[in-house]
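Some notes on the structure that comes next.
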Amino acid sequence: MTSTEEKKETFGLLTDEAIARSRLRLGVPNPQYNKPHNLEVTQDGSRHFAFGYGDDNPLYCDPEYAAGTRWGALIAPPTFLYTMGEDAAPKPDPETKALLKGDPFAGLGSYQAVMEFEWWRPLALGDRCRVLQAQVGVQPKTSSFGGRTAHITHDYLYTDGEGEMHAVRRGTWINAERHTSKKRAKEKLEQVPYTPEQLAEIDAAYAAETRRGAEPRYWEDVEIGEVMQPKVKGPLTVTDVVVWHLGWGMQLTPPGAFKIAANVRRKAPGLYPPNAMNIPDTVQRLHWEPARAQELGLPNSYDYGGMRETWLTHLVTDWIGDDGWLWKLRCEHRKFNYIGDATWVRGEVVDKQRTEAGAEVHLKIWCENQRGETTTPGTAVVLLPTREAAVTLPAPPAATLDGMVAHELERFSI
């Protein structure tokens, strides 16, 4: 059997060889081959991103307002880093290039499961940003949905315009055989039209939404058990997904249409499976094309994990105000958020303490759909001003990308 025949035979299957190949990549910087959606923080880019998740905070959208805050300039929303990041990986030698060639899990479904963030500095107006990506984990597991799966964890390390550490994003994706997940899919989704009363409740929540803004929320005034004002996102429509992409970019499929897309397709045909008319189209269309989602064993199209992560940051940043700092956020995507679902974003204070980092408040946060199901549970740690002192930004574990790589390798015991 030729190597080409072997590849065809194992395409879309989770094999021991694929897991072994994946392990060889642990700790190896992975070059970014596509330009980021935004090369620098601009007023337009930040505003488009914020509007894409329903946030009109002037700190992110109005340079004149932002100039009067403690930051002195417009800053981008926390998860704007998704749209940024020029490649900081060293040019790979032939051996590394061969190691990183192709995807060991090509043909499998990839589902985002966990995302963890830590922010040390903002991205401000005019900043450029560099990113270094490396795989730091691979774990074979078995699930009721996907059968045998591989959990893959990647780190994304970001620096700001001054070359200082901006943030780290640690993400885990579940890779599952698509035919297996289709056979095992048991979820029956019942979606019925919203009543006028239900829509009125949602509209009332939008009308009541507030933002702390320029009024400081002092650490001394926060009480354990305090409930944060909830936000609503939805009912989710395809239009919402389109508007989200305007600010977020495409992320998976390289951007560009027609000839540009055809050029990409020639290099990576697996990114463009044919639709019902046999027309190659992006794999991402399962987020807005129900028929494609149903082919993969899901009852309807659904959102992106990055959307709910951003909704959670929206809840937190509105609550802490301009003078607070969102330091850490971790969430798990446990259920799909389908087109047509309404998501209530909720939170409460579970702890507060003074540490070397400052006046910390610990939050329990989550996304809950109209059926009362928690789709994304999470936690966050914020730093708030006290009546004696402003927030001091936290220090990263290491000051440089190389130092952070060493720290992350040690953290994951690689």
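If you're wondering where the values come from, they're calculated on a predicted model, not measured in any experiment.
Checked for salt-bridge contact, D155 and R169 miss the test: no charged N lies under 4.0 Å from a carboxylate O. A salt bridge links D341 with R371; the closest basic N to acidic carboxylate O contact falls under 4.0 Å. Classification of R354 and E360 as a salt-bridged pair fails, no side-chain N sitting under 4.0 Å from a carboxylate O.
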*Kindly indicate, with the supporting measurements, whether the criterion side-chain hydrogen bond (donor to acceptor under 3.5 Å, both in side chains) is fulfilled by S22 and Q135.*
CA-CA 9 Å; S22 182; Q135 182 179 322; 2.8 Å; yes
*Yes or no on side-chain hydrogen bond (donor to acceptor under 3.5 Å, both in side chains) for E368 and T374, after CA distance, side-chain angles and deciding distance?*
CA-CA 4 Å; E368 179 183 304; T374 297; 4.7 Å; no
*Quick one: do Y304 and Q284 satisfy side-chain hydrogen bond (donor to acceptor under 3.5 Å, both in side chains)? Show the steps, please.*
CA-CA 10 Å; Y304 291 92; Q284 291 183 249; 2.9 Å; yes
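Evaluation of the ring-ring contact (aromatic ring centres under 6.0 Å, His included) rule for H314 yields Y53 as partners, not counting sequence neighbours.
The residue from T375, V114, T172 that alone fulfils the side chain to side chain contact (heavy atoms under 4.5 Å, CB included) condition with E332 is V114.
Under the 30°/60° scheme for interplanar angles, the aromatic rings of Y156 and Y158 are found to lie parallel.
A cation-pi arrangement, defined by a distance under 6.0 Å to the six-membered ring centre and an angle within 45 degrees of its axis, is present between K352 and W219.
A donor-acceptor pair shorter than 3.5 Å cannot be found between the side chains of D322 and T69. A donor-acceptor pair shorter than 3.5 Å cannot be found between the side chains of N275 and D281. For the residue pair E309/H333, the side-chain donor-acceptor check at 3.5 Å is satisfied. Side-chain atoms of T379 and R330 include no donor-acceptor pair closer than 3.5 Å.
Note on residues 86-111: pairs passing salt bridge (Lys or Arg N to Asp or Glu O under 4.0 Å), not counting sequence neighbours, are E86-R128. Pairs passing the side-chain hydrogen bond (donor to acceptor under 3.5 Å, both in side chains) check and including a residue from residues 24-33, sequence neighbours excluded, read Q32-Q133.
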